[in-house]
Amino acid sequence: MASDKHLLLIDGNSVAFRAFFALHSQINTFINHNGLHTNAIYAFNTMLDVVLKAFTPTHVLVAFDAGKTTFRTAKFSDYKGQRDKTPSELSEQFPYLRDLLAAYGICAYELADFEADDIIGTLAQKAAAAGFTVDIVTGDRDLTQLATESVTVNVTVKGVNQLEAYTPAHVAEKYELTPRQIIDMKGLAGDTSDNYPGVTKVGEKTAIKLLKQFDSVEGIYENLDQLKPSKMKEHLEADREQAFLSKDLATIRQDAPLTIDLTDLVYQGRDVPALRDFYQEMDFNAFLSKLADPETEQARAAIEFQELTAVSVPAVLAGFTGPVAFYLEMLDTNYHTAPFAGFVIGQQGQWYVSTDVKLLQLPQFKAFLADPQQPKLVFGAKRTYVGLNRLEIPLAGIQFDLLLVSYLLNPNDSGNDLGKIAQLHQYREVATDEEVYGKGAKRALPEDPQVLYQHLAQKALAIEQLQPQLDQQLEANEQDGLFKEMELPLAIVLAQMEIAGIRVDQARLNVLRKDFAQRIETLTKKIYAEAEEEFNINSSKQLGVILFEKMNLPVIKKTKTGYSTAVGVLEQLKQIAPIASDVLDYRGLTKLQSTYIDGLLKVIDPDDGKIHTTYLQTLTATGRLSSIDPNLQNIPVRDEDGRQIRQAFVPKTEGWQIFAADYSQIELRVLAHISHDANLQAAFTEGADIHASTAMRIFDLKDASEVTPNMRRQAKAVNFGIVYGISDYGLSQNLGITRQQAKTYIDNYFREYPNVKQYMADIVTSAQKYGYVETLFHRRRYLPDIHSKNFNLRSFAERTAMNTPIQGSAADIIKVAMLNMQKALRDQHLQATMLLQVHDELIFEAPASEIATLEQLVPQVMDAAVKLEVPMKVGYGSGPTWYDVKKG
DNA sequence: CAACTCACG
DNA sequence: ACGTACGTGAGTTGT
C-alpha cells in the first residue's frame with residue numbers, strides 16, 4: 001500500500017525565511033528569557049505540526065543549505081549575489097531549529113557544495129522509484145519542477161501554515177507548462193532573486209508562449225530560424241549562452257552524492273520530555289501546555305463511563321451521595337438556539353452519559369435537577385440553566401461553577417473553554433472543544449459517539465477534580481462571598497432576564513429602515529456629485545484617496561495604514577468641504593441601518609417576537625457584563641436618529657410599560673467613597689451638579705453662576721479623565737487643548753481634591769506591591785505589567801490600577817442591586833420583569849398598574865444595594881417604548 | 001483575520 | 001523622552 005511509505009521533505013532554509021517574515025511584525029514579542037529571537041522557531045514549529053498532521057508521513061527529512069558556496073556559484077560567481085544578508089535575528093535561530101527537529105525525531109541534513117533543493121530533488125527521485133508517496137514543503141516556487149504523479153510540491157502561501165499543492169495538473173493549470181518546463185521557463189526568463197539573467201526582455205509570459213510552441217530551451221534554439229525577424233529573436237540569438245547557463249542553474253539536481261539513505265529518514269515521533277525542555281527554554285508556553293505527556297494521554301483514554309438509559313435513571317440517581325457534576329453540551333455559543341449534543345452526570349469515577357436529553361425530562365431526573373438540596377457542580381451555571389429551561393426543567397442547587405470561579409480567580413483568563421480553563425489550573429486530562437469538535441466551519445460532533453462520551457466524562461471529572469483546589473483559592477483570596485453571594489446567584493438572574501427577552505416591534509423597524517434608506521440614497525448621490533465620481537463610501541481607504549488626493553484636502557491625522565477619516569477628522573474638514581459633512585451623515589445612517597435595523601431584525605426569535613441576548617458574565621477584566629448576539633448594551637441614545645431605534649423596544653403585552661432606572665454618577669461616587677476625599681464627598685452630599693462643582697474648583701470661581709457651559713463641559717471631561725487614570729496628553733486630546741492647559745486643569749483638580757490624588761498614588765503603589773488591585777467586593781485584577789520596563793505597558797497598567805477599582809466596584813454594586821431587585825419583585829408578587837442591564841441602568845417591563853410601585857421600589861433597592869460614604873442617586877422613568885422613557 | 005469605524009456605559 | 005485616556009461588540013473592507 002502506498003500510504004505505508006510516505007516521505008515528507010521540508011526545505012528548511014526557505015521555510016525558516018517564510019516563518020521569520022510571517023511573524024516579523026511581532027519580532028519584539030518573540031524573545032525568550034535569554035534574549036534569543038524565537039519568531040521563526042515558533043512559526044516553523046506551527047508549520048511542522050500542520051504538515052505532520054496533514055501528511056502523516058512515515059519518513060521525514062528537513063534539508064538545509066550547507067553554506068554560501070555551491071557548485072552553482074562555481075559556475076556563475078554572481079549566483080544569488082544580490083541577496084540581502086540574512087538578518088542576524090534569523091541566523092541566530094537556526095541552531096535552535098536543529099534542536100527542535102531533534103526533539104521531533106526528524107532528520108536534518110545538509111551537504112557541502114549543494115543547496116537544500118538538490119538534496120530534496122535527489123531524495124524525491126529515489127523515494128518515488130522505491131514506491132513512496134512524496135510531499136515536499138517549501139517557500140520556493142522553483143521546486144514545482146519536481147512535481148510528478150507521486151511527488152507533490154506544497155508551496156507556502158500567506159505565512160507558513162497554508163500550503164498550495166502543486167501536482168503536475170496544478171502546474172499545468174497555473175503556468176500551462178509541465179513541471180520540467182518550469183526549468184526552461186527559468187532559463188529564458190531568469191530569476192531576479194537568485195540573480196541569474198536569462199534572455200533579455202523575456203519574462204514569464206513570453207517564455208511560456210515560446211515553450212508552448214517549442215517545448216524546451218533546446219527546442220527553441222534548434223528552431224530559431226522559424227521565428228520571424230524581431231527584437232525578441234535578436235535577443236534570443238544574443239543571449240544563447242546565458243539561456244543555457246540559466247537553465248542549468250535553475251535545474252535542481254537529482255543525483256547529489258548524498259551520504260544518507262531513505263532508511264535514515266524514518267520518522268521517530270516526538271520525544272516529549274526533550275520537547276518540553278525545549279519549549280521551556282524558548283518560553284513557548286502555549287506549545288508547552290498543549291504538549292500532552294504519556295500519562296495524560298492515558299488518563300484521557302482511560303476514563304470509564306456508562307451510557308444512560310431510561311430504565312437505569314432512577315437507580316443511578318438514587319445511588320449518588322453528595323455533590324454531583326453535571327454538564328449539558330451545546331456546541332454553538334448561542335445556547336438559546338443551539339442543538340443539544342448530549343450530557344454527563346456523575347461523581348467519583350461513576351460517569352453516566354447520553355445524547356438523549358429527553359432522559360432529563362423523566363420525573364426523577366427533573367426532580368433531581370430541581371432539588372435545591374442536591375448539590376451540583378457545573379461549568380457555566382447560566383448556560384446550563386437556560387439550556388435546561390428550554391427542556392422545561394428547572395435547575396437549582398448549584399454549588400460550584402468552574403467557569404465562574406476560574407473567572408473570579410483571574411478575570412484576565414477570559415476563555416470559556418473547559419479544557420483550556422482546566423489547563424490554566426494545571427489539570428491536563430481534558431481535551432479542548434477545538435480538539436474534539438474542530439473549529440470554524442468544520443466544527444461538528446465526532447462521528448464516533450464514544451469520542452463525544454469520553455470528552456463529556458472528562459469534562460465532568462475535571463469539574464469535580466478542580467473544585468476543592470479552586471474553592472480553597474477563593475477562600476484564600478477572600479472571594480468566596482463574591483462567588484456564592486454575588487456571581488452564582490446573579491448567573492440565575494441573568495439567565496431569567498435572557499429567557500424573558502425583550503419584545504421588538506418589527507413594523508416600527510421596517511418604517512425606520514425605509515426612511516433611512518431614502519436618506520442614504522440621497523446622500524450617496526450628493527457625495528458622488530461632490531467627488532465627481534462613484535466610489536465605495538464605506539471604504540475608508542477609497543474615501544481617503546478621494547478626500548486627500550483627488551480633492552487635496554488637508555491631512556489631519558494618519559493611521560498605521562493610511563489617512564484617517566475618523567469622525568474627529570471629518571468634523572474639522574466640514575468647514576472647508578461640504579462632502580465631509582455628508583460623509584458623516586452617510587456613515588451615521590448606514591451604521592444605524594446595518595448594525596441596528598438589519599442587525600436586530602435578524603435576531604428576533606420567530607417563536608415569540610422577542611430578542612434574547614446573551615450576557616457574558618465571565619469576560620471583562622473589570623467585572624462588568626457584556627452582551628452579545630445581539631449587543632443590547634449599545635443601542636443608540638445620544639443622537640435623535642439613532643435614538644428612534646428605541647421606539648422598537650416595547651413591552652410584551654398591550655397596556656404594559658417600559659420602566660428604566662439608572663445610577664447617577666456612580667463611578668464618581670465610588671471614587672468619593674474609596675478616596676475619602678472630603679471635597680468630592682461634600683459635592684455629592686450637598687446634591688450639587690458634580691461637573692459644575694468641579695468647574696468652580698478647577699477654574700477658581702466664587703459662585704456657581706460663573707460656570708459657563710464650556711467650563712462645565714471641560715470639567716466633565718476632567719472628571720471622566722480622573723476615572724480613567726488621567727494623563728495630560730489624554731485630556732488635551734479629548735478637549736482639543738494644549739498639553740500645558742490640560743496639565744493645569746489636572747494640577748488644579750488634585751489641589752482641590754487632595755485625597756483623590758493620594759488615592760491614585762496609593763493604588764499604584766499597592767498594585768506594585770501585591771501585583772493586583774481589588775474592588776469593594778474583592779473582585780481582583782492582576783496587573784503584571786505594573787513592573788514592566790516598557791513605558792507604555794507600565795503606564796497602561798498604572799491607569800488600569802486607578803480605573804479598575806472604580807469601574808469594577810460600580811459593576812459590583814449594580815449586581816447586588818439586581819439580586820435584591822429580582823428577590824423584591826418575587827416577594828411582592830409583581831408581574832414586573834427585569835429585562836436588561838446596561839452597566840449603570842436597569843430596564844423593566846410592567847403592567848401600567850405597577851409603575852407607581854416600581855417608582856418607589858426600584859430606586860429604593862438600587863439605593864440600598866451598598867452603603868457608601870456618599871449618597872446614591874437614582875433616576876427613573878417610564879413610557880410605552882424604551883424611546884419614551886425619559887429619566888428625571 | 002486584522003484594521004478601521006462607531007454604537008454604548 | 002517615552003505616546004495614552006477606562007470597559008465593551010458588531011459591521012465592513014481588504015489582505
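Throughout, a chain's letter reflects where its sequence line sits, starting with A, and its residues are numbered from 1.
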| field | Sugar-phosphate only, base, or nothing, as touched by A:Arg781 at under 4.0 Å among non-hydrogen atoms | value | sugar-phosphate
| request: Determine the contact category for A:Ser627: base if any of its heavy atoms lies under 4.0 Å from a base atom, sugar-phosphate if only primed atoms, P, OP1 or OP2 are that close, otherwise nothing. | output: sugar-phosphate
| said: With the criterion set at under 5.5 Å between ring centres and under 30 degrees between planes, would C:dT4 be stacked on A:Tyr729? | reply: yes
| task | Classify the nucleic acid contact of A:Ile628 as base, sugar-phosphate or nothing, counting any heavy atom under 4.0 Å across all strands shown. | result | sugar-phosphate
| request: For A:Gln807 and for A:Asn792, locate the closest nucleotide of DNA chain C by heavy-atom distance; then report the residue assigned to the nucleotide nearer the 5' terminus. | output: A:Asn792
| said: Taking any heavy-atom pair under 4.0 Å as a contact, classify A:Asp629: base, sugar-phosphate, or nothing. | reply: sugar-phosphate
| said: We want to know whether A:Thr620 and A:Arg781 form a side-chain donor-acceptor pair, criterion being a heavy-atom distance below 3.5 angstrom. | reply: no
| said: By the 4.0 Å heavy-atom rule, please label A:Asn803 as base, sugar-phosphate, or nothing. | reply: sugar-phosphate
| task | Looking at every strand, decide which applies to A:Gln733 at a 4.0 Å heavy-atom threshold: base, sugar-phosphate, or nothing. | result | nothing
| task | Using chain A heavy atoms and a threshold of under 4.0 Å, write down where along DNA chain B the contacts begin and end, 5' to 3'. | result | B:dA3 to B:dG9
| said: Can you confirm whether the side chains of A:Tyr596 and A:Gln644 place a donor and an acceptor under 3.5 Å from each other? | reply: no
| message | Regarding A:Ile806, tell me which of base, sugar-phosphate or nothing describes its non-hydrogen contacts under 4.0 Å with the strands shown. | response | nothing
